[in-house]
Each structure stands twice: as structure tokens, then as C-alpha cells.
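Note that ligands are numbered from 1 as they come in the structure, with each ligand's atoms numbered from 1 the same way.
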Amino acid sequence: MSDQRPILTTRQGHPVRDNQSLRTVGERGPATLENYQFIEKITHFDRERIPERVVHARGAGAHGYFEAYGTIGGEPASKYTRARVLNETGVKTPMFVRFSTVAGAKESPETARDPRGFAVKFKTVDGNWDLVGNNLKVFFIRDAIKFPDMIHAFKPDPVTNRQEAWRFFDFVAAHPESIHMVTHLKSPWGIPANYREMEGSGVNTYKLVNDQGVAHLCKFHFIPKQGVRNLTSAQAAEIQGRDVGHATKDLYDNIAAGNFPEWEFAVQIMPDGPNEHLSFDPLDDTKLWPVDQFPLLPCGRMVLDRVPDNFFADVEQSAFGTGVLVDGIDFSDDKMLQGRTLSYSDTQRYRVGPNYLQLPINAPAPGVKTSTNQRDGQMTFYVDGVGENKHINYEPSTIGQGLREAPKPAKEYHQPVEGKLGRYQTSRTEDDYTQAGVRYRSFEEWEREDLIANLVADMKECPEAIQLRMVWHFWHADEDYGRRVAEGAGIDLEKAKALPPLPGRAAPHKRLAAETYTDGTQAHKVAAE
Ligand code: HEM
């Protein structure tokens, strides 16, 4: 039977007749330099890696689609937003999703105790919309200028090249706003069982804008129809002994078996404005919006039904950013969101290259025509459509050719802004403990036990100054929480309680309001205090 397989060629299209042997002078002689076939093969190989992501390097991705319900919490979605992706029913908006861990390198274990990245690209009829979030719904810090310091403390030590618990807690101890996230992270919620059985959240606060130009503040969440499942440290260690890529395997196996993971997409909404009656700042991403005050309003569903044909092309080269919004969805003044928005496209121009948006994985859906006057740069793959006159790569043109501006929406949203330019601490209430305490008490006892055991092990790695300050924080969140960590790690609770407030921070006042929250999927409804 004749061999029907395609013929191997070089990139120049030349057939390769011998892929086994270098061209040499005689059987045992030196190789020659004009051997183009060999040089092309090796030099391309030498360039196979691009820099890994500076954070979230380990990940897996899948393709799928989004279907809008056309309603938000039962009301027409158009009441809140003119974004067509949330209004038009019966449309399957293509999506690509990348899940990740944060601190580990590209091939690090997926059992890591780490937040999970949950980055979503909606390829909508109005162009791309990216939501770059995590599974824990909150974050460690609320001011973008702190991010590089935080990541330095969480990534491996520059001397030992190991993640060191004392460096992590050295940073955390100086940031009470991180205690809420740390309480999630050190509990079983810090190791989701896989990528399918976890929540997702945009974390930062955005705005929905309707066609009257009226804005509401909002938060976006993905609720897994599969439910939520987390691991204890012991369960994770057992899995890691067998497999460092178990979550990718779980995702790929389930999709291959036709067991497509699905999430409900829900939004929390509040009026735009200072919302001064609230005991937390809605622009502070270290806080949840309690769901009894701001219910999760369903507005669509996301299904993942196809794994990438090639990991590098789709997953490694994928580029998500918080600046990628469509008309009807806008930025809020959440300081983290503002800072992140610079960072993503900046790093992607470096990591992938200046034309990263021409790659199929990052380009808008095929039906969406991109027409820019951006030209050239490394790896230009095509020139955008410019109309009849290909000379005109500028705008405006007096002879009325080239590209034109899009029509403006009937009512534009103009955000009123006033204030004195300066450097401000963000939190309005400075209550960084209530939600951490509510979270602690919301855990089931096995979760609390795992949390305490993990923190006790970490505290034993820390010098006394960090131990005392951390117990002080835990005790202010919940007295039982502080006491159990202190007892477990042999830390003097009375000495910790006697510490003064942190320099530059107000004395903690917790439990400002009788607030509750649920995490949306679990039955962790906490009674009001
Ligand atoms: C000021 C704060 C932050 C900065 C400066 C920042 C910066 C970055 C950078 C540079 C990357 C690598 C992107 C790439 O190479 O393509 C990244 C990835 C990522 N970040 Fe952030 N980040 C910040 C906060 C956050 C927060 C609060 C979240 C979650 C809510 C988050 C979620 C993610 C995710 C999910 C990815 C991975 C995206 C992917 O899968 O490609 N980041 N971030």
C-alpha cells in the first residue's frame, strides 16, 4: 500500500529527503556550513520558547461559547447595559478560557496552594471582551502600585530560589487588607480540586452602561454547574506525588468525554456613585459585595466544549487584558483595575510581540472586521483592510478616503470626576477584619482545621515579629482564629494582642455592620452577628 502521509519539507517548501543525517565531508568528516536544512531546523528549535508569563505561567485553556439570557436577574439586560453580548439571545458567542495558578513556573504542579486565574475572552459581535479574574472573588491588595512587591514576596526567594513562607507573611503582615484573601487561600479553598469545579470572578469592579448613558457599578461571577470541590493539603500532596498536571488532564478528559463544563454567568449591581452608606468600599477588591444586599443576578451561561489543537499556539500565546471591554461595559475607578489595565498589553507586547493581536487566538471573531492604521513591527502577518485606496494609512483624509470614525452612541456616558491629585490609601472604612472573620466562621470544621494546620506550619517558618503580627491580625478577624493559630504554633497570644496598630494604619475596628455573605455556590450562609 502506498504511503499517503504528507511529505516533510523545510519552511521554504523544499522536500526533505534525509532527516536522519547531517551533511558531512565523508562518513567521519566535518559538517558543512551551507547545510540550510539543518541550520533552519536547529535555529528554529533554538527559538522555540518565548518568555513565560511573569505571573500565572502555569495554565490550561479551552474553547467554548457563551449564551446570554437577554435578562439580568429577570429584567431586560438593556435596563443596565447596551452591550450586545449580554442582550442578544440565541447567539453563541465564541470564547476562549485560560485557567492558571499564579506563582509557579510554566510546568509547576497544578496542586499548588495558590489563587487560580480565570481568564475569559468573549469574541463578541462588537469585538473582544476579556474578563481576567480569579476563583476566590477577592484579592490581597487594593492598590496597583503594590503588585510588583507582592509578587516578589510570593515568588521564589532571589537567594534560595524557593518560595519561603516567611517572605510571604512578611508582606502580608504589613497589609491587613490581605487577611481576607489569606483566610481563603490557606483553607482548602486555596487548592481547588481541578479547574472545572471552581468558581470564577472578575474580582475588580466594572460599570454597566445602558443606552441612556446611565451607569451602574457591577461585579461579574461564574458559578460552576459542576459545584465547588477543594482539597486538603494531604489530598493535594497525594495527587502531586502521581501527577503535576492533574487539572489540565481533568479538563481535557472531561471535554473529550463530552462532559462539557458549564458555568452560570451572574452579575452583582449597585448604583454608580460613592455609596457612602456601605460599610465597605465597593471599589476595594479585597472585599466581597454581600450577596444578601447585592444578589447574584444570572445573565448567561458559558460552556467549554473544545480543547486546543496546539497548546503553544492557543494557550501560551493567548493574551488577556482588563482593558479589553466592549461598548456598554466600562471601567470603574477601582485602583487595581486601573493599574492592571496598563500592565497586561504592555507585558504581552514584550512576551508575545507587538503584533500579538494578529494571532488567531487573540484576534476578534472572524466576522468582526478590524480596520486600523497600525502598521508594521515584528511578525506583521497581514495589513488591515483599509478600503479602496491602499495609500491612505492615516485618518482623517481631506480627499475623503481611508478609514472613518464610528458613529457615536445616542447618549454617551460621561463620568463626573473631581478631587485633588495625590496619593491616598484606598479603604474608606479601614475595616479589614469583618469579612475575614465572617469567612473564618463560614467554614465547615474540617476546613477550619486544615486552615489552622496550614497556618501553624507556616508560622513555624517565620521569625517572631511576623508571628506576633499575624496572630494579631487573625485575632482581630476572629478571637478563636487568632487563639488557635497562636496555640498551635506556640506563639504568645497575650504578647501578640498587646501590639500597637500598624504604623500609618488606624486601629482595627471590626464588625462595623451585621453583614453576611455567601460564596454563591456552597451552603455557607452565615448568620448575622
Ligand atoms: C495591579 C495588579 C496586577 C497586575 C499589575 C497584574 C499583572 C499581570 C501580568 C503582567 C500578567 C501576565 C500576563 C501575560 O503575560 O499575558 C498577569 C496575568 C494574570 N493576572 Fe494579573 N495582575 C494584577 C492583578 C491581578 C488580579 C487582581 C487578578 C485577579 C482578579 C489577576 C489575574 C490574572 C490572571 C488570571 C492572569 C493570567 C491571564 C492568562 O491566563 O493569560 N491579576 N497579571
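Side-chain contact annotation: Asn362 with Gln348, donor-acceptor N/O pair under 3.5 Å absent. Under the 3.5 Å distance criterion, with hydrogens and angles disregarded, a donor-acceptor pair is assigned to the side chains of Thr111 and Gln240. Side-chain atoms of Arg84 and Thr124 form no donor-acceptor pair, as typed in the model, at a separation below 3.5 Å. Checking Glu199 against His221 by side-chain atom types alone, no donor-acceptor pair falls below 3.5 Å.
By the 3.5 Å distance cut-off applied to N or O atoms, Gln348 is counted among the residues near ligand 1. An N or O contact shorter than 3.5 Å links Arg98 to ligand 1 by distance. At a 3.5 angstrom cut-off on N or O pairs, Arg351 counts as close to ligand 1. Here's the thing with Arg340: one of its N/O atoms is less than 3.5 angstrom from an N/O atom of ligand 1.
Aromatic pair Phe265/Phe220: centroids less than 6.0 angstrom apart. Annotation: Phe294 is in aromatic contact with Trp289 [ring centroid separation under 6.0 Å].
In this structure, atom 6 (C) of ligand 1 lies nearest to the protein heavy atom Phe147 CE2, 3.3 Å. The nearest protein atom to atom 41 (O) of ligand 1, hydrogens excluded, is given as Arg53 NE, 2.8 Å; this is a heavy-atom distance.
Among the atoms of Tyr344, an N, O or S atom falls under 2.8 Å from atom 21 (Fe) of ligand 1.
With a 4.0 Å cut-off on non-hydrogen atoms, Phe118 touches ligand 1 through its backbone and not its side chain.
Atoms of ligand 1 lying under 4.0 Å from at least one heavy atom of Val54, given by number and element, are 10 (C).
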